Amino acid sequence: MEGDRLGSLCSRAPLSLQFGDQKYGYTHLSAGELLRDERKNPDSQYGELIEKYIKDGKIVPVEITISLLKREMDQTMAANAQKNKFLIDGFPRNQDNLQGWNKTMDGKADVSFVLFFDCNNEICIERCLERGKSSGRSDDNRESLEKRIQTYLQSTKPIIDLYEEMGKVKKIDASKSVDEVFDEVVKIFDKEG
């Protein structure tokens, strides 16, 4: 299962600087963060629907997630045309997401590679429960996390396997410390750019 790693890594100042303008030029977009922000937006037509999906550990409908990602990408590039490389965290999570991405972004965006943060389920649960003590996230509880693991195994793992068949998966042992995982990510970006 992907763990609570990319968000932790991207929140580190050195990583943000390296993957931002100064070294690699990627803009980090978290699908989950965009969904959580939209859920909190009182003017959002999708807020309650997003809340229900997240709380139940289910995948939010692809049209919503892609529209949020595309909006953020468009706004970023409109502000600075040079910012056209994105590190998209937590997407695609199932076949429907992948098909929606391909349909919407065909000819507009290429997937260079997929970072797969591999970590056993119990470590992921413990990390997310620890994060839940301060995150305020409604899905950082054991019941939701166990549902998310089942969703991951049924829906997301086959997408990772598909990208692996295409030779695009860069696998990282995310059970290690944040510093060790960070070092592995840097090696991948040094090679892949």
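By convention here, the first residue in the shown sequence is residue 1. This one's a predicted model, so the numbers in the text were calculated from it and none came from an experiment. When reading the values below, keep in mind they use all heavy atoms of this one structure, side chains included, and skip hydrogens, waters and symmetry mates.
Listed by chain and number, the residues in a salt bridge (Lys or Arg N to Asp or Glu O under 4.0 Å) with Glu122 are Arg142 (sequence neighbours excluded). By the side-chain contact (heavy atoms from CB on, under 4.5 Å) test, Glu63 is found to be paired with Pro61, residues two or more places apart in sequence or in another chain being considered. Residues satisfying the side-chain contact (heavy atoms from CB on, under 4.5 Å) test with Glu165, not counting sequence neighbours, are Leu162. Considering only residues two or more places apart in sequence or on other chains, Asp106 meets the salt bridge (Lys or Arg N to Asp or Glu O under 4.0 Å) condition with none of them. A search for side-chain contact (heavy atoms from CB on, under 4.5 Å) contacts involving Glu143 returns Asn141, Lys147, not counting sequence neighbours. Residues forming a salt bridge (Lys or Arg N to Asp or Glu O under 4.0 Å) with Arg39 (at least two apart in sequence, or on another chain): Glu51. Not counting sequence neighbours, the partners of Leu153 by the side-chain contact (heavy atoms from CB on, under 4.5 Å) test are Ile149, Gln150. Every residue meeting the salt bridge (Lys or Arg N to Asp or Glu O under 4.0 Å) condition with Asp74, not counting sequence neighbours, appears here in chain and number order: Lys70. Every residue two or more places apart in sequence or in another chain that forms a side-chain hydrogen bond (donor to acceptor under 3.5 Å, both in side chains) with Lys133 is listed here: Glu130. By the side-chain hydrogen bond (donor to acceptor under 3.5 Å, both in side chains) test, Asp173 pairs with Ser175, sequence neighbours left out.
Shown here for Tyr163 and Pro92, the closest heavy-atom pair between the two residues is CE1-CG, 4.2 Å. Taking both residues in full, the closest heavy atoms of Val181 and Ala174 are given as CG2-CA, 3.8 Å, listed atom of the first, atom of the second, then distance. What you find for Glu146 and Ile125 is that their closest heavy atoms are CG-CD1, 4.1 Å.
Among residue pairs with one or both ends in residues 41-92, none qualify as ring pair (Phe, Tyr, Trp, His ring centres under 6.0 Å); sequence neighbours excluded.
Taking 4.5 Å as the limit, every side-chain heavy atom of Asn97 sits out of range of all side-chain heavy atoms of Ile159.
Atom NZ of Lys85 has more than 12 heavy atoms from other residues, nucleotides or ligands within 6.0 Å. The number of heavy atoms from other shown groups lying within 6.0 Å of CD (Glu48) does not exceed 12.
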Only pairs under 3.5 Å count here: list side-chain donor-acceptor contacts from residues 185-193, not counting sequence neighbours, and write none if there are none.
unit_1	atom_1	unit_2	atom_2	d
Lys187	NZ	Glu184	OE2	3.3
Asp190	OD1	Lys23	NZ	3.4
Asp190	OD1	Tyr24	OH	2.2
Glu192	OE2	Lys170	NZ	3.3

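Within the model, atoms CD1 of Ile123 and SG of Cys128 stand 12.0 Å from one another, a figure rounded to the nearest 0.5 Å. Within the model, atoms OG of Ser30 and CG of Leu87 stand 10.0 Å from one another, a figure rounded to the nearest 0.5 Å. Note that OH of Tyr26 is 10.0 Å distant from CG of Asn84, once rounded to the nearest 0.5 Å. To the nearest 0.5 Å, atom CZ of residue Phe117 and atom CD1 of residue Ile160 are 11.5 Å apart. Atom CD of Gln154 and atom CG of Asn94 lie 11.0 Å apart (nearest 0.5 Å). Asp183 CG to Ile172 CD1: the interatomic distance, rounded to the nearest 0.5 Å, is 11.0 Å.
Side chain of Ser144 to main chain of Lys55: a donor-acceptor pair is present (N/O by atom type, distance under 3.5 Å, no hydrogens or angles). A donor-acceptor pair under 3.5 Å is formed between the side chain of Ser67 and the backbone N or O of Ile64. Remark: the backbone N or O of Val111 is paired with a side-chain donor or acceptor of Lys168 at under 3.5 angstrom.
The hydrophobic cluster containing Leu29 also contains Ile66, counting ILVMFWY residues as joined when their side-chain heavy atoms lie under 4.5 angstrom apart, directly or transitively. Cluster membership check: Leu69 does not share its hydrophobic cluster with Ile59, using side-chain heavy-atom separations under 4.5 Å among Ile, Leu, Val, Met, Phe, Trp and Tyr.
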Review point. Run the side chain to side chain contact (heavy atoms under 4.5 Å, CB included) check on Glu38 and Leu34 step by step: do they pass?
Key: CA-CA 6 Å; Glu38 188 70 14; Leu34 291 172; over 6 Å; no

**Study point:** Working for side chain to side chain contact (heavy atoms under 4.5 Å, CB included), residues Asp110 and Met105
**Key:** CA-CA 8 Å; Asp110 295 318; Met105 302 305 282; over 6 Å; no

Check your understanding: Can Cys119 and Arg127 be said to form a side chain to side chain contact (heavy atoms under 4.5 Å, CB included), step by step?
Key -> CA-CA 11 Å; Cys119 190; Arg127 285 178 177 165; 3.7 Å; yes

